[in-house]
Every structure is written in structure tokens, then in C-alpha cells.
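So you know, we letter chains A, B, ... as the sequences are listed, proteins then strands, and number each from 1. If you're wondering where the values come from, they're calculated on a predicted model, not measured in any experiment.
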Amino acid sequence: MSDPILQVDQLCVDFKTKSGPVRVLNDVSFSLSAGETLGIVGESGCGKSMTSLAVMGLVPKPNGKIVSGSIYYEGEDLVQAPEKRMRQIRGGDISMIFQEPMTSLNPVFSVGKQIGEAVKLHEDVSRKEINERVIDVLTRVGIPDPVKRANDFPHQMSGGMRQRVMIAMALVCKPRIIIADEPTTALDVTVQAQILELMLKLQEEENTAVILISHDMGVISQVSDRVLVMYAGRTIEEGDCVSVVQESAHPYTKGLISCIPDIEHTKNMAFSDRLPVIEGIVPNLITIGDGCAFAPRCTLADDACRNWKTGPVQVAGTHLASCRKIDGSMA
Amino acid sequence: MDETQIVFSARDLTVHFNLGTHDSEGNPRVVHAVDGVSFDIAKGTTLGIIGESGCGKSTTALAAMQLLGNARGKMQLSGVELSELSKGELRSQRKNIQIIFQDPFSSLNPRQRVGSLIRTPMDLLDVGKPEERDSRVDELLELVGLRPESRNLFPHQFSGGQRQRIGIARALATSPDLIVCDEPVSALDVAIQAQILNLMKDLQDELRLTYLFISHDMGVVSYLCHEVAVMYLGVFVEQGDSKEILKEPLHPYTRVLLSAIPKIDPVNRSLFDAQKLIGDPPSPINPAPGCRFAGRCPHAKDICRTDLPALRPVLVNGLQRHVACHFAGEI
Amino acid sequence: MKPVDTIPKPQSPLREAVVVFFGNWAAAFGLLILMIVIFGSIFGPAIYGVSPQETVNAPFLGPMVDSSSPLGTDYIGRDVLAGILNGGSATIMIGAAAALVAVVIGITIGSLAGYYGGLTDTLLMRFTEFFQVLPALLFVMVLMTLFTPSIQTTVIGIGLVMWPPTARLARAEFMRLKTMDYVRAERAMGARDRRIIWQVILPNAMPPLIAAAALVIGVSILFEAGLSFLGLGDPNIRSWGEMIGSNRDYIFDSPWAVFFPGIAIFLTVLGVSLVGDGLNDAMNPRFRER
């Protein structure tokens, strides 16, 4: 088992609001090994996107701030790194793919120019070589007729094509880690399958590690080696994909998976059947206390849970969950 | 027993948009958003229309709601032919058909209090006695799981899921025969989605509601819908019992669509064995003659490119299905 | 069915807007200036008691040379402070009335153009552009010479040249808002166009329009000052612009007679602009936030 290339430890990020500071990431910890795909799953507001922004050093200022914790990338703590160093890392070592390709691509520049700019910022190469690299990476992401397409503008391309361009931009400097934040959510399901397949193929070719962020449990299950589940700014379950999805330990993970109308289950359901639901709504991060964030909605929770300052409990091997009621074991 | 009472019936529903420009041969460029679809919805059941973006499903929903000026074809609501009504007659029919929208944020007037929002359809369409309308609002709020005090609040004070409940309450206000649902859960988190789907099912059982349900999510459709129509580029390609279609899809497009859905199964990862789509996504502008799917179908033959296949009945496991394919049942 | 969640506290949108507004120091400062100006204009003349039109002292007295005329006198010996206190109400009222005319015309035309689109939009926009390209000052000057200058003609004249920007803004807002699902929902409930335009879309379009209206007041005040300066305003009204205008030949002899009215205009327009910006911020983000 190789050393992790990314190690996040007890990362806390606060946001200044009118009602005081809100902890949007609370003791977030996980690790990522070289060449591995880590899926981060959770509902909106759970902190998964903020985690990726924190790794990239892009936590929105001035309201957001990393208050404690560390992000070790190949032995260097990115939390302490100066902005100049972060600029080197962004795009060169760690790059990001966003959800909405239309707003992530600059509409007034051709796609070739935008990809080329990524190269120019990180490597000192001639213009001729930049062009070659651009054509090369466009071919690798499966864009037909890349020489002509490099001069197209984002609005001339379909959603799937634009996402391929985003992937090309993320890959062109051969980063060690790619963070993909809901890269296929805005795409049709048939296009999604193609894009995910492309990402995995490229990952294998370059041995890049991928952090895939999604709210779609199906995507996460099909693509991840390991899975991290987040809720209310906290990491509540972590482990290899099969364990987390099929042998979920945390009540939230269990509840989340069982309430999804997956077609393998629905095809055998009767009309009188109902989906099991998680009652209530996601807590307000401003008023949330110190205890287990999920306790108000949890069918297993008792008073001790509400006061329990959560921490990871080992379920089996590297499978961890922040719950004191896993199989009757108490923390 | 009025089990087969048809609440809504559409025949050859067509919606074309003239772009105002002309192609290279001088023909006017027309978007064939919906091209001759027909369906019946029986009382107390749900018909789902599923397809990817641009297939025309939302346009079909708006046409059924009589919100499009250029819809052609026959549409009968509880026996009344809507296309032949005068403006005033149509207006009075509106109380029998209501809609729930996709976006919980833009579907409620931010300047109107919730109670007023729910009351408005009753006031505008003169349903019930004016002095009883306020208590009906309270009744509806309770029915969808909200407290009656909600009536004095504004939409922005509620979460997305709660706003959809308000939208449902508003749609129920005039006790319509048919409720059109345009992707009502697509913008919601998975856990909230399950709550709303269960609510819709409960209401359907309790009040014998009839739904026309538009979605791109096959899991949701198979959970909620008795019958489903698969739509591609303005036409229905397969129509029948939703669970049967899930178990045994006949149309090549349905098969591709279903196989591209990422299932929550980390052990049997089948996503990339998915049936592949070949070629480019075609345009709904002046479509070529023949089957709309011919350009991307792995089984396409010459006849597919020249003759548009009609929906023909096929018997599958004792249930009648309609498939628009020259080779349905053979491939 | 049992209730799902806890109920949020009832909240008046007005109260929330007020809180945001006063949290913005620039807006609060602007409001303070306006309060002083308005208070001075309403109560000032009575408190100070000196006539603005009559000769009350020696001419060309500098500020504080004679304590009975704290801001000095002009070339006829009229008290400058009295002129400012009395001129305020005229200036502000003309500015506000002209802004009202402009905003009413602008909203009416802009909303219809934005909502109906098509030929209606094209025609209304060509009409708007016609007014927009008119050289504003020259147009009003021509109007003033054709019709005798009075408060009414001044108000209408200024209103007629100031409405195009409001119309454009209203049109843009209506074009954006008419695609909202809640407008579609109204149609699905059989709402007629009249209800949708005035009762559904307009309340939602108001925040930027109110802010724009505040700015129009500011510009109208400047416009009125300019007209009076040129001698085209109502000669019976001693507004601040009129004070500057009538003293312009004596600017080197009694600069204070021009300077102080100028400061008054500056402060009032500043106050109006800050309040307008503050209103925009206070009323916008909440209704646009997700």
C-alpha cells in the first residue's frame, strides 16, 4: 500500500456570516493514494465542494477561512503554502473539473486558446509545442477533428463536448490529482456514461488520482475505488467502495442508499410499496451543536448521541464510520 | 367501476417552432419539438414521459397545459376537446388541469405569502365559496405536511423540499382532474426527493389523483408511474407498463438509455459495458425522413432511414406494449 | 399527515430590508444628509425668519462678516442662507415630481415592451430611442421657450427627457421575469395579462426600479438647477439653481452666493444617490437569493 499523495487531517473551515462564524467543514479527514479514485458523496450543503476548494486553496475570501487542520500533498502542507506556490500547484499538480462547462469556460476565447493558456502558465514551451499539446490532448479526450475544433468557441459545442474540453484542460499539464466536482450532473445519462468512461481510461493511462464529487450514488458506486460520505460539513463514513455501499455502517449512509429509487429495486416493487425515507431536513449549520449532526434525524439516536463529539470508529479494516452505534459497539 | 375512465387523451400532438431562417435549399427551418404523440391517461394512474434533454417532454407537458400557442392536435380533458374551446371556455377548464414545476425557487412568486399563493387559483378560477377558501388553504397545507402557520410566510423562508410541497398544495387547490408534473423532484436532494415521491403516491391513493409525470430519471419514473412513454427527438419510441419496460426494453434507444444508468452496485460494474451510441446527437430542426434514431442505432438498416416507424403493438408477457421500430421484437 | 419540519419565524420583508439598509453606512449617511436637507427645507425658513427675496442687508457681504447674515449676501443684498433654506423645497419638489413623471412613463412603456415583445416591443423601443437621442437640455430649452416656464412645464419637460433609461430598465426586468415559472403558473391558473403585468411581475421588478428612481431624482435636481441657471425655470421660484444663475455675473465678487447653493445641490444629490444605492442593495439580494 503506497503512501497517500494527499492526506487531509481534521480540516476546519469557517465562514463569516451575519449571525457569526459558521463551521462549514468540521474535522474533515481523508487520504488519497496515487492512481486511486476517491468518491466523495453527500447531499447539497454537506461540504463536498468546499473540501475540494480548500484543497485547491480556493476557499472564497474574505468570508471563508481555513482555521485549522492540514492538507499534505506529497509531504507539503498546502494550508501553509503561499499563494505563489498554490498557483504552481493549481493546474500543474492538482487540477479541477467543474460541473457547468458553459460557465467554467470563457465564452470569448476559443477552446484551443484556453487549453493552451493552461500549458503556458505551467510550462515554458514554444508556441508550436503548445499547439501540438493542445491538439494531442483534444484527440485523447475523443473530440473528432481536433485541429478544426481547437478554434471553436464554447457556445458552438454541445454539453458533452464542452465537458471533454474541461477534461482536456485539466489533463494537459499531466497533474497528479484531478478533482472532478459533479462533472456529469449537467449531462444526459447517455453522455454521462461516455464521459465517465473517458475519465477512467485517461486516469489509467496517466496513473492520476481522481477525487470524484457527486450526489449520485450510482455514479459513485460504478467509478470509485474508495468512498467518503459527508454530512453537514463532517466526514461520516470512509472505506472501500463495496464496503461503504453494500455494508454501510453509518445510519445516514444506510438511509441515503435505501431511499434512492434504483431501477434494480423499483422494477420489482409493488405500487403500494413506499421508499424508506430519512425524516426531517439537513440541519442549519449555524444552530448545529457539537454532538452528532445526524442525531435529530436518526432512528437509533439517544441522548448520549446528541452530546457525543463525533470521531471515526473503525468498522473493519480501513472502513471507518462516525457513529457510536455500529453493531452495538459504543465509542 | 370507472377503472378505465380516461382523464386525458392526446392524439397527434405536434409542436413546431419556426426559426424564421432558411436552410441551404430554401426550406424554412422548423424545430420539430413534438411530432405527433398520442397517449391516454386513466384516472388514478400516472403516465410518465421519460427522455433526455431536448427530446420534447417538457414541451409536451406545456402543450397539455394549454400554455403553448402553437400546439396542434387533439387533446381531451375528461371528454372535453380543449383545442376547440374559446378563450373563455378554456379559462374555465383550467381548474381541471394544474401543474407542478421543477424549480422550487422560481415556481413561487417571492412577493406573495404562501397562503395567498395557494388561494390564488381558487380566486382566479372561482372554485368553491370565497368564505371557505382560507380554510381549504389550511386543509391543503396539512395535506402536504406543512403547518397551517406557514400561510403567513414567504417562499424564501422555506427549504427546497418544503417549497415543492407548497407547489403541490397549490396544484391541488382546485381539485383538478389531471396534475402535470414537470420534473418536480429533479432539483431536490435525494433524501427529500424520496419524501416528496412518497407524498405524491400517498396523495394519489388518498384522492385518486391522475398525474402526467415528466422526468429524465428512470428510477423515479419506474417508482411512481404505472405507464411510461420513452421519448426521443419529439416522438414516442416505446410506450407501455413501466416495470415491464424496465425488465424487458424492446426499442434500441430504451435499451441504451437503461444500460447507461449507473446502478448502485459496486460489485457488478456494468456501466461501461453499456450499449454504445454511435454518431452525433441529431438536431430536431428539419429532421431527416425515417426513424429519428436511425443515425445512432447500432441495428439500423436501410428501411430505417427512409420510413418513419409507427408505434405498433407488441405483446410482451401478456401485456400490450407499443414500440416504434421496424424490427421490434426481433432484436 | 403529520407536519414535516419546524416552522421558521414570520418575518416582514420590510423589516428585513430596513435592517440591511441601515447596516450599510453609506446608505445611512445618505439618509442622514437627506433628513437634514428636508428638515432644513421644511422648518428652516420659519426658524430663520429672514426673507430670501428682499434686500435685508448690505450687498456683497462675505460669510460671517455680519452675524445677521451667516452665509453672506449677494449682489442685491439678499441673504444667502435664507435663499438656501427657502429654495430647498422648490428644488426638491421639482426634482421629485419630475422623477415621478419620468418613472411612471418609463415603467409603463418598458413593462409593456418587455412583456409583450414582438412588434409592440419594437415600436415602443424605437419610440424610446427617439427620446433618448434627443439632446436633453436643448429639447427642454425648446419646450420652455414654446410654453411659458412654470413649475408644471419644468416638471413635465424634465420628466420627458428622463424616462428612457427607466423604460429600458423596466423592459429588461420584465423580459427576465416573464420567463419565471411563477408567471407560467399564473397563466395556468387563468390569470389575465393585466394581472400578470401589474400584480405579479411589477412587484418583483420594483427593487432595481426604486433604486433607479432615486437616482433619477438626483439627476432631475441637477437638471432643474441647470435650467434655472440658464434662466429657463420659473422666474417666481427661487430655487438653488436660480440662485447660482442669477449670481453668475458676480461670481468673483461674491463667490459665496454661488458656492453655498452649489454645495446644497451637491449634498442633496449625494444623499439621494447614496440612498438609492442603499435601497438597491437592501431590496435586491434577498429576493434574488437561493
I'd like to check M217(A) versus V190(B) (side-chain heavy atoms, cut-off strictly below 4.5 Å). Are they in contact? no
Close side-chain approach of N268(A) and K247(B), heavy atoms under 4.5 Å: yes
Given a strict heavy-atom distance threshold of 4.5 Å, which part of V223(A) is in contact with chain B: side chain, backbone, both, or neither? both
K201(B) with D273(A): basic N within carboxylate O range, under 4.0 Å: no
Given that the side chain runs from C-beta out, which part of L196(A) has a heavy atom under 4.5 Å from chain B: side chain, backbone, both or neither? both
Region of E43(A) that comes under 4.5 Å of a non-hydrogen atom in chain B: both
Are Y223(B) and K267(A) packed together at the side-chain level, in the sense that at least one heavy-atom pair is separated by less than 4.5 angstrom? no
By a 4.5 Å heavy-atom criterion (distance strictly below it), what part of D205(B) contacts chain A: side chain, backbone, both, or neither? side chain
For the interface with chain B, which of I278(A), V219(A), I257(A), T266(A) has the highest count of heavy-atom pairs at distances below 4.5 Å? T266(A)
Chain A heavy atoms under 4.5 Å from L258(B): which part of the residue, side chain, backbone, both or neither? both
Using a 4.5 Å cut-off on heavy atoms from C-beta on, say whether the side chain of H216(B) contacts that of D188(A). no
Beyond-backbone contact of Q246(A) with P266(B), side-chain heavy atoms, under 4.5 angstrom: yes
Quick check on C225(B) against chain A: is it the side chain, the backbone, both or neither that has a heavy atom closer than 4.5 Å? backbone
At a 4.5 Å cut-off on heavy atoms, which part of A270(A) comes close to chain B: side chain, backbone, both, or neither? backbone
Engaged part of Q193(B) at the chain A interface, taking heavy atoms whose separation is under 4.5 Å: side chain
Given side chains that start at C-beta, do those of Q192(A) and P262(B) come closer than 4.5 Å, heavy atoms only? yes
Looking at L246(B), N198(B), L197(B), which makes the most heavy-atom pairs under 4.5 Å with chain A? N198(B)
Should C241(A) and R269(B) be marked as a side-chain contact (heavy atoms from CB on, under 4.5 Å) after you check the CA-CA gap, both sets of side-chain angles, and the distance that decides it? CA-CA 11 Å; C241(A) 190; R269(B) 288 186 170 178; 3.5 Å; yes
So which heavy atom on D265(B) is nearest to which on Q222(A), and how close? O-NE2, 3.4 Å
In terms of heavy-atom contacts, does NE2 of H226(B) have more than 12 from other residues, nucleotides or ligands at under 6.0 Å? yes
Measure the shortest side-chain to side-chain distance between E52(B) and V189(A) over non-hydrogen atoms and say whether it is less than 4.5 angstrom. yes
